[in-house]
There are 2 protein chains.
Amino acid sequence: MSKTNDRPKARTDTRGEETRRRLIEAGLDVFGLYSFEGATTRMLADRAGVNLAAIPYYFDGKEGLYRVVVEHVAAGIGERMLPAVERIDAVLANDELSHGQLLDLLHGLLERFAAMLIGSKEPEKWARIIIREQMQPTEAFDILYRSPMRLILDRCAVLVGRLLGRPADDPDILIRAFTLLGQILVFRMAREAALRTLGCHQFDDSHVAAIQAVVREQTERLFASDPGGGS
Amino acid sequence: MSKTNDRPKARTDTRGEETRRRLIEAGLDVFGLYSFEGATTRMLADRAGVNLAAIPYYFDGKEGLYRVVVEHVAAGIGERMLPAVERIDAVLANDELSHGQLLDLLHGLLERFAAMLIGSKEPEKWARIIIREQMQPTEAFDILYRSPMRLILDRCAVLVGRLLGRPADDPDILIRAFTLLGQILVFRMAREAALRTLGCHQFDDSHVAAIQAVVREQTERLFASDPGGGS
DNA sequence: GTCTATAGTCGGATAGAC
DNA sequence: GTCTATCCGACTATAGAC
């Protein structure tokens with residue numbers, strides 16, 4: 001019989017790469033569900049369908065795998081938010097913007113944030129890892145904070161600052177930016193309570209749309225105060 | 001020498017009660033810091049200054065202690081929010097209220113919520129336990145949801161509903177209530193990120209006041225839309 | 001009621017065959 | 001590169017002395 005493992009022409013180390021990939025995938029699930037301490041190497045290896053010994057071999061132990069998983073999360077969030085962030089940066093670089101233009105950028109950022117956080121499937125796993133790092137930051141928190149969190153928070157603060165005519169590093173402006181994001185984050189962070197209250201088992205597109213609509217309307221109200229300056 | 005353990009007149013089981021109390025106190029710290037799985041009976045017993053075997057003896061095991069700790073958390077939150085909640089219930093029972101009165105009640109609720117969640121010391125421990133239950137609800141989640149969470153959320157929804165002239169169980173109203181609470185919750189849930197962004201190591205009274213001021217102003221704005229109806 | 005000692009289980013990491 | 005077998009440490013719970 002012709003064996004099926006005639007080496008694929010592309011590369012000989014595909015096997016190892018595949019093992020790495022599957023362990024990271026498993027790490028997203030398992031670390032998210034059971035936390036770093038709660039996760040066992042046996043769970044990780046079983047879920048990945050690889051051998052237990054592959055963890056110390058490829059990642060220098062459970063801790064090393066965790067770090068790589070967190071980096072994966074940071075990269076995933078960055079990827080999803082990048083379009084909105086780049087658009088903001090591009091427009092902000094220009095010149096003095098109208099109230100409406102700034103508000104549009106803010107709407108876009110928050111909408112994208114909500115879509116990513118509440119709607120998509122992958123962030124479900126990401127969120128749990130992030131929340132745990134918020135409660136009990138390990139050295140991996142830096143990875144999350146410096147890249148994807150600041151990415152979003154900074155832009156939010158800049159926009160709020162411009163809308164209110166104050167610098168983006170004013171503590172009051174930072175607090176306002178946080179509350180804006182908090183309106184959305186709560187549906188992820190207090191997810192179980194939100195689901196029970198709304199009487200459903202998971203958020204679908206219509207829920208996301210409803211939340212986005214509320215946030216948009218409320219954001220509009222919060223910054224619609226320029227006297228007499230309607231649309 | 002007169003022995004010191006001549007039985008105290010009040011009760012003979014004081015010793016056991018003390019042990020129970022100390023284990024619950026230790027559970028608040030340790031379960032919050034390390035989660036249920038991460039906490040070990042040794043940590044719990046050491047922190048409580050009692051013997052390891054006291055845990056299965058008094059609480060029927062680690063799991064039983066956890067349940068009692070969660071009940072303790074629920075009771076603590078209920079206690080702290082009760083004044084604001086009772087005031088709301090008393091006033092709402094009356095009759096048709098003015099926009100300003102409803103808004104005052106909402107301000108009171110949110111202010112108290114912020115004070116409890118961000119300012120006080122104990123909720124620091126409570127919050128971690130609650131957040132973990134949100135992510136990975138155990139049977140203990142019911143205890144938290146049915147008593148202290150609904151306590152606050154229901155009142156918030158009722159007030160928002162009355163302010164907007166819609167029923168409190170309208171999904172849109174529930175979403176709005178959630179976003180209001182989210183503005184505050186974010187400082188607890190994304191605490192580490194908030195602290196880093198504001199450049200401090202913990203929230204003090206001035207931070208709490210600043211957050212309360214922002215929330216108050218924004219809430220005012222969100223519901224100040226009744227046309228022509230100034231204060 | 002409280003403690004010490006221990007049983008029984010499961011954790012992560014490694015050695016060495018394939 | 002991957003697997004099996006195994007070590008060693010840490011965990012929860014219990015038994016029985018005090």
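Here is how names work: the chains are called A, B, and so on, in the same order as the sequence lines, proteins then strands, and each is numbered from 1.
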Enquirer: So how far off straight is the helix from C:dG1-D:dC18 to C:dC18-D:dG1, going by the axes through five pairs at either end, to 10°?
Expert: 0°
Enquirer: Nearest of D:dA15, D:dG1, C:dT2 to any side-chain atom of B:Ala53?
Expert: D:dA15
Enquirer: Nearest to the side chain of B:Thr19 - D:dT2, C:dT2, C:dT4?
Expert: C:dT2
Enquirer: Classify B:Leu52 by what it touches in the nucleic acid, base, sugar-phosphate, or nothing, heavy-atom distance under 4.0 Å.
Expert: base
Enquirer: Give a yes or no on whether B:Tyr34 atom OH has more than 12 heavy-atom contacts from other residues, nucleotides or ligands under 6.0 Å away.
Expert: no
Enquirer: Kindly compute the distance separating CG (B:Asp204) from CD1 (B:Ile118), expressed to the nearest 0.5 Å.
Expert: 11.5 Å
Enquirer: Which nucleotide in the set C:dT2, C:dA13, D:dT2 lies at the smallest distance from any side-chain heavy atom of A:Thr41?
Expert: C:dA13
Enquirer: Please tell me if A:Tyr57 has a side-chain N or O lying less than 4.0 Å from either OP1 or OP2 of D:dG1.
Expert: yes
Enquirer: Using the side chain to side chain donor-acceptor pair (under 3.5 Å) rule, take A:Glu37 and A:Ser35 through it: C-alpha gap first, then chi angles, then the decisive distance, then the call.
Expert: CA-CA 6 Å; A:Glu37 305 96 5; A:Ser35 86; 3.3 Å; yes
Enquirer: Using the ring of each side chain (for Trp, its six-membered ring), is B:Phe31 parallel, tilted or perpendicular to B:Phe36, with breaks at 30° and 60°?
Expert: parallel
Enquirer: For B:Ala45, which contact category applies under a 4.0 Å heavy-atom criterion: base, sugar-phosphate, or nothing?
Expert: nothing
Enquirer: Without decimals, in angstroms, what is the distance between A:Ile55 CD1 and C:dT14 C1'?
Expert: 14 Å
Enquirer: Check for a donor-acceptor pair, side chain of A:Lys125 on one end and backbone N or O of A:Leu33 on the other, with a separation under 3.5 Å.
Expert: no
Enquirer: Under 3.5 Å, is there a donor-acceptor pair between the side chain of A:Gln134 and the main chain of B:Glu192?
Expert: yes
Enquirer: Report the distance from atom CZ of A:Arg21 to atom P of D:dG1, rounded to the nearest whole Å.
Expert: 17 Å
Enquirer: For B:Glu25 and B:Arg22, run salt bridge (charged side-chain N to carboxylate O under 4.0 Å, His left out): C-alpha distance rounded to whole Å, both residues' side-chain angles, the deciding distance at 0.1 Å, then the answer.
Expert: CA-CA 5 Å; B:Glu25 199 64 38; B:Arg22 290 169 72 166; over 6 Å; no
Enquirer: Between D:dT2 atom C1' and A:Asp46 atom CG, what is the distance in whole Å?
Expert: 15 Å
Enquirer: What is the separation between atom CE on B:Met43 and atom C1' on D:dA13, rounded to the nearest whole Å?
Expert: 17 Å
Enquirer: Of A:Arg42 and A:Val50, whose nearest nucleotide on DNA chain D comes first from the 5' end?
Expert: A:Val50
Enquirer: When the distance from CZ of B:Arg22 to P of C:dT2 is rounded to whole Å, what number comes out?
Expert: 10 Å
Enquirer: Side chain of A:Arg15 only, please: which of C:dA13, D:dT2, D:dA13 is the nearest?
Expert: D:dT2
Enquirer: In whole angstrom, give the distance that lies between atom CZ of A:Phe31 and atom C1' of C:dG12.
Expert: 12 Å
Enquirer: Quick one: B:Glu37 CD to C:dC10 P, roughly how many Å, whole number?
Expert: 16 Å
Enquirer: Measure from the side chain of A:Thr40, starting at C-beta and using heavy atoms only, and say which of C:dG11, C:dT14, C:dC3 lies closest.
Expert: C:dG11
Enquirer: Counting only side-chain N and O atoms of B:Asn51, is one of them less than 4.0 Å from OP1 or OP2 of C:dT4?
Expert: yes
Enquirer: Whole Å only: how far is the CD atom of B:Glu63 from the C1' atom of D:dC11?
Expert: 15 Å
Enquirer: Would a 4.5 Å heavy-atom cut-off, applied to side chains only, mark A:Phe178 and B:Ile211 as touching?
Expert: no
